[in-house]
Amino acid sequence: MAATVLFTITGGEVIPEIEMPVSATIFELKKKIESVLNLKVERQTLRHDNEELNNGRTIAYYDFQKNVATLVLHFKPLSGKPKFNITLKDGNEEFNVKVKETTLIGDLIKKIEKCMGCSIKYMNLYHLSTKIEEEDLPITAYYISEGSEIEVKYVRFY
């Protein structure tokens with residue numbers, strides 16, 4: 001069995017764990033992050049112990065202790081602050097909402113309430129299985145980007 005490293009990717013409210021073989025390159029790790037977070041490789045910078053990881057190096061090069069490592073993910077903002085669509089999924093229904101990366105979660109919630117005609121107090125929102133809660137953070141804190149899907153779950157009161 002090939003040796004692997006389990007990475008915890010920090011830097012936002014969503015904290016994925018990704019396992020990679022030590023023979024993989026940092027670029028391949030970034031491709032895996034792209035597939036999980038929908039964040040293009042060219043926008044990503046990975047750091048470990050304040051050192052930026054080099055795309056061309058293998059994971060083995062960095063000699064992560066105990067084959068477990070916490071990395072900090074930074075990403076470059078889209079130039080020009082363009083608007084893009086995200087999808088709200090409500091069971092079988094889908095709604096599109098236009099946002100910018102600088103949109104705050106609180107402002108996104110207002111758009112969702114208007115679009116769905118329902119108060120947020122009756123809904124919970126999730127992105128990448130993480131509950132969206134911090135209204136004063138930008139949507140990028142939850143890695144919400146172009147093409148992202150937000151799951152809407154209604155709260156039941158008994």
Side-chain angles (χ1 to χ4, degrees), residues 4-20 24 26-53 55 59 64 68-158:
T4 61
V5 176
L6 178 64
F7 293 100
T8 301
I9 310 299
T10 64
E13 298 297 304
V14 176
I15 304 174
E17 290 186 341
I18 296 174
E19 190 169 23
M20 294 290 291
I26 298 302
F27 181 80
E28 290 169 319
L29 172 58
K30 287 181 175 183
K31 288 294 285 178
K32 182 72 170 186
I33 292 169
E34 178 179 344
S35 73
V36 171
L37 297 179
N38 190 31
L39 184 62
K40 300 282 184 210
V41 168
E42 49 278 358
R43 295 181 65 198
Q44 299 177 33
T45 301
L46 288 174
R47 301 184 80 76
H48 181 262
D49 290 338
N50 292 322
E51 177 185 1
E52 184 175 338
L53 305 184
N55 285 348
I59 291 169
F64 297 109
V68 175
T70 299
L71 302 180
V72 179
L73 172 63
H74 299 278
F75 61 96
K76 298 174 192 126
L78 292 170
S79 62
K81 298 182 182 175
K83 287 187 176 184
F84 54 85
N85 280 322
I86 59 172
T87 303
L88 307 174
K89 286 197 164 200
D90 167 18
N92 295 330
E93 292 189 72
E94 291 186 4
F95 304 91
N96 287 320
V97 176
K98 252 192 197 327
V99 294
K100 294 180 181 180
E101 285 186 330
T102 54
T103 300
L104 296 178
I105 293 296
D107 294 328
L108 174 61
I109 287 170
K110 289 175 189 170
K111 287 178 180 251
I112 291 171
E113 287 177 328
K114 183 177 179 183
C115 175
M116 300 188 79
C118 183
S119 171
I120 192 66
K121 70 181 178 181
Y122 301 112
M123 298 181 268
N124 287 322
L125 306 175
Y126 295 86
H127 184 245
L128 301 170
S129 300
T130 300
K131 187 175 180 186
I132 299 172
E133 298 182 287
E134 301 296 326
E135 292 188 28
D136 59 338
L137 292 177
I139 63 173
T140 54
Y142 289 91
Y143 300 115
I144 297 170
S145 59
E146 185 171 11
S148 289
E149 294 180 352
I150 306 297
E151 185 179 5
V152 179
K153 292 184 180 180
Y154 290 97
V155 179
R156 295 179 189 224
F157 295 99
Y158 296 96

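Keep in mind that the numbers below use all heavy atoms, side chains included, and drop hydrogens, waters and symmetry copies.
- Checking side-chain atoms of Lys76 against main-chain N and O of Glu42 turns up a donor-acceptor pair under 3.5 Å.
- Atom OG1 of residue Thr45 and atom CG of residue Asn55 lie 8.5 Å apart, to the nearest 0.5 angstrom.
- In this structure, the separation between CZ on Phe64 and CG on Asp49 is 8.5 Å, given to the nearest 0.5 Å.
- A side-chain contact (heavy atoms from CB on, under 4.5 Å) with Phe7 is found for exactly one of Leu73, Val68, Ile59, namely Ile59.
- A donor and an acceptor atom, one from each side chain of Thr87 and Glu94, are nowhere located under 3.5 Å apart.
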Given salt bridge (charged side-chain N to carboxylate O under 4.0 Å, His left out), test Lys110 with Glu113 step by step and report yes or no. CA-CA 5 Å; Lys110 289 175 189 170; Glu113 287 177 328; over 6 Å; no
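- A distance of 13.0 Å separates SG in Cys115 from NZ in Lys98, rounded to the nearest 0.5 Å.
- Side chain of Tyr142 to main chain of Ile132: no donor-acceptor pair is present (N/O by atom type, distance under 3.5 Å, no hydrogens or angles).
- The side-chain heavy atoms of Met20 and Val5, taken from C-beta on, include no pair separated by under 4.5 Å.
- Using modelled atom types, no side-chain atom of Lys32 and backbone atom of Ile18 make a donor-acceptor pair closer than 3.5 Å.
- In this structure, Thr10 contributes its side chain and Leu71 its backbone to a donor-acceptor pair below 3.5 Å.
- Taking CD1 of Ile144 as the start and CZ of Phe84 as the end, the distance is 8.5 Å to the nearest 0.5 Å.
- The ring-ring contact (aromatic ring centres under 6.0 Å, His included) check on His74 picks up nothing, with sequence neighbours excluded.
- Note that the CD atom of Glu133 and the CG atom of Asn124 stand 8.0 Å from one another [nearest 0.5 Å].
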What do the steps show when you test Ile112 against Phe95 for side-chain contact (heavy atoms from CB on, under 4.5 Å), and what is the final call? CA-CA 9 Å; Ile112 291 171; Phe95 304 91; over 6 Å; no
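- When each of Thr130, Ile120, Leu108 is checked for a side-chain contact (heavy atoms from CB on, under 4.5 Å) with Leu125, only Ile120 meets the rule.
- Panel note: side chain Gln44, backbone Leu39; a donor-acceptor pair is recorded below 3.5 Å.
- With respect to Glu101, the salt bridge (Lys or Arg N to Asp or Glu O under 4.0 Å) criterion is satisfied by exactly one of Arg43, Lys81, Lys83: Arg43.
- For Asn38 (side chain) and Glu146 (main-chain N/O), a donor-acceptor pair under 3.5 Å exists by modelled atom type.
- Put simply, CG on Asp107 and NZ on Lys100 are 11.5 Å apart, with the number rounded to the nearest 0.5 Å.
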